[in-house]
Amino acid sequence: MMHDFLFSGPRDASTTLLLAHGAGAPMDSDWMNAMAAKLAGLGIRVARFEFAYMAARRTGQRKPPPRAEKLLDEYRAAVDALKRQGRLLIGGKSLGGRVASMVADDLYRAGKVAGLVCLGYPFHPPGSPEKLRTAHLETLRCPSLICQGTRDPFGTREEVAGYDLSAAIALHWFEGDHDLKPRKADGVTLDENLGQAASAVADWAGA
C-alpha cells in the first residue's frame, strides 16, 4: 500500500512522531492540524497518515471504520514506509492511538520505535464502561504516554484510576473531553490544552 504522509516540523529533528487519525476525522482535520503545529513548534517532526478507509473518503467512498484489529498491518506498513532519522515514536488520536498501542510492543522489541503517544485513548465505547479495551495495556512494555481529558466519555479520570495499567504508561490529564476541549468554567481554552499536551509529549520524549 502506498502512503502519503503529511509532514510538520523540522526535517532534522531528533524525534519523529508518526500519528494516525481518529475514527471519524481525517489526518488534516482542524484538531490534527492544530496538534501537529504545536508539536512541530517544539521541535518534533510529525508525520501523519490515513488508514485506507479514510483515504477512500477523499474519492467519495463512504467507508466506515473497520475494527481496530483490521488496521494493525496498515500501521505497521506506515512505519516501514516512513523515511526518517533519529528516534521514532508512534501514536495517534483516539482510534489511531489505540491501533498504535496494539502494535507498539512488537515494534519496540524489534527496535523500530522508541515509544507510544496516545492522544485521547478510547478505553471503552461511550456509555459502555464494561467493554474495556485495556487488556494489552496491562502488560505493555513500550514506554507510553496517554494524554486524556478528565471528562472523556471514552474513559474519565475516575474510571481510569481503577484500571490495572502497565507501569510503562504515563498518564497526563487535562480538564476536558475526548478532544481535550474544556468547559468555560475550567478557566482554560482548547488551544491552551493542546499546547500543554504538546509540551507534555515533548517533555516526556526528551525532544
Side-chain angles (χ1 to χ4, degrees), residues 3-51 54-55 58 75 78-79 81-101 104 107-108 112-122 142-152 154 169-184 186-207:
H3 283 90
D4 293 321
F5 295 103
L6 180 58
F7 291 99
S8 306
R11 292 178 178 272
D12 60 349
S14 61
T15 299
T16 296
L17 173 57
L18 179 64
L19 286 180
H21 53 83
M27 65 180 176
D28 56 354
S29 67
D30 289 345
W31 196 97
M32 291 288 282
N33 285 341
M35 179 55 72
K38 299 287 188 186
L39 291 163
L42 295 174
I44 295 175
R45 178 76 159 163
V46 180
R48 287 174 273 171
F49 78 99
E50 289 182 341
F51 296 117
M54 183 61 71
R58 295 185 182 274
Y75 207 112
V79 170
L82 180 63
K83 294 181 174 62
R84 81 280 179 182
Q85 60 183 22
R87 295 186 310 149
L88 176 63
L89 307 176
I90 59 171
K93 172 78 172 79
S94 193
L95 171 67
R98 182 186 175 201
V99 175
S101 74
L107 294 174
Y108 180 65
K112 293 184 177 182
V113 305
L116 167 72
V117 176
C118 296
L119 304 170
Y121 186 84
C142 178
S144 305
L145 173 67
I146 297 177
C147 293
Q148 194 83 357
T150 54
R151 295 184 298 276
D152 191 331
F154 290 83
I169 300 174
L171 279 159
H172 198 113
W173 291 98
F174 302 85
E175 292 298 333
D177 60 14
H178 193 52
D179 293 329
L180 307 184
K181 183 178 180 180
R183 297 178 299 201
K184 288 185 178 180
D186 291 328
V188 65
T189 66
L190 173 60
D191 185 68
E192 289 171 334
N193 266 358
L194 295 183
Q196 291 177 20
S199 293
V201 172
D203 291 344
W204 172 81

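It should be emphasised that the depicted structure is a prediction, and the values quoted were computed from it without experimental measurement.
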- Message: When you compare the side chain of Asn33 with that of Arg48, does any pair of heavy atoms fall below 4.5 Å?
- Response: yes

- Task: Measure the shortest side-chain to side-chain distance between Leu190 and Pro182 over non-hydrogen atoms and say whether it is less than 4.5 angstrom.
- Result: yes

- Spell out, as yes or no, whether a donor-acceptor pair under 3.5 Å connects the side chain of Asp152 to the backbone of Phe154. yes

- Quick one: closest heavy-atom pair of Gly115 and Trp204, and the distance? CA-CH2, 4.1 Å

- Beyond-backbone contact of Pro26 with Met54, side-chain heavy atoms, under 4.5 angstrom: yes

- So do Phe49 and Leu82 actually touch side chain to side chain, heavy atoms under 4.5 Å? no

Show which side-chain atoms of residues 193-201 pair as donor or acceptor with protein atoms under 3.5 Å away, not counting sequence neighbours.
residue, atom, partner, partner atom, Å
Asn193, ND2, Glu175, O, 3.0
Asn193, ND2, Leu180, O, 2.8
Ser199, OG, Gly195, O, 3.1

- Nearest heavy-atom neighbours spanning Ala20 and Gly96: CB-CA, 3.7 Å

Show which side-chain atoms of residues 34-47 pair as donor or acceptor with protein atoms under 3.5 Å away, not counting sequence neighbours.
residue, atom, partner, partner atom, Å
Lys38, NZ, Asp191, OD1, 2.8
Lys38, NZ, Asp191, OD2, 3.2
Arg45, NH1, Gly9, O, 2.7

- Item | Shortest non-hydrogen contact from His21 toward Met27 | CB-N, 4.0 Å

- Tell me, which pairs form a salt bridge (Lys or Arg N to Asp or Glu O under 4.0 Å) where one or both residues lie in residues 10-28, sequence neighbours left out? Asp28-Arg58

- Query: In chain order, what residues pass the side chain to side chain donor-acceptor pair (under 3.5 Å) check against Ser94, with sequence neighbours excluded?
  - Reply: His178

- Message: I need the Leu88 CG to Lys112 NZ distance, nearest 0.5 Å.
- Response: 10.5 Å

- Query: Shortest non-hydrogen contact from Tyr75 to Leu18?
  - Reply: OH-O, 3.0 Å

- Message: Tell me every residue that passes salt bridge (Lys or Arg N to Asp or Glu O under 4.0 Å) with Asp177, counting only those two or more places apart in sequence or in another chain.
- Response: none

- Item | Nearest heavy atoms of Trp173 and Gly149, plus distance in Å | CZ3-O, 3.4 Å

- Between Phe51 and Val99, is a side chain to side chain contact (heavy atoms under 4.5 Å, CB included) present by the stated rule, with each step listed? CA-CA 11 Å; Phe51 296 117; Val99 175; 4.1 Å; yes

- At what distance, to the nearest 0.5 angstrom, does OG1 of Thr16 lie from CZ of Phe7? 8.0 Å

- Message: Which residues pass the side chain to side chain donor-acceptor pair (under 3.5 Å) test with Ser101, not counting sequence neighbours?
- Response: His136

- Message: Could you report the tightest heavy-atom contact between Pro122 and Arg98, atom names first, then the distance?
- Response: CG-CB, 4.0 Å

- Reported CG-to-NE2 distance for the pair Leu119 and His172, which is rounded to 0.5 angstrom: 12.0 Å

- Side-chain (Trp31) to main-chain (Asp179) donor-acceptor, under 3.5 angstrom: yes

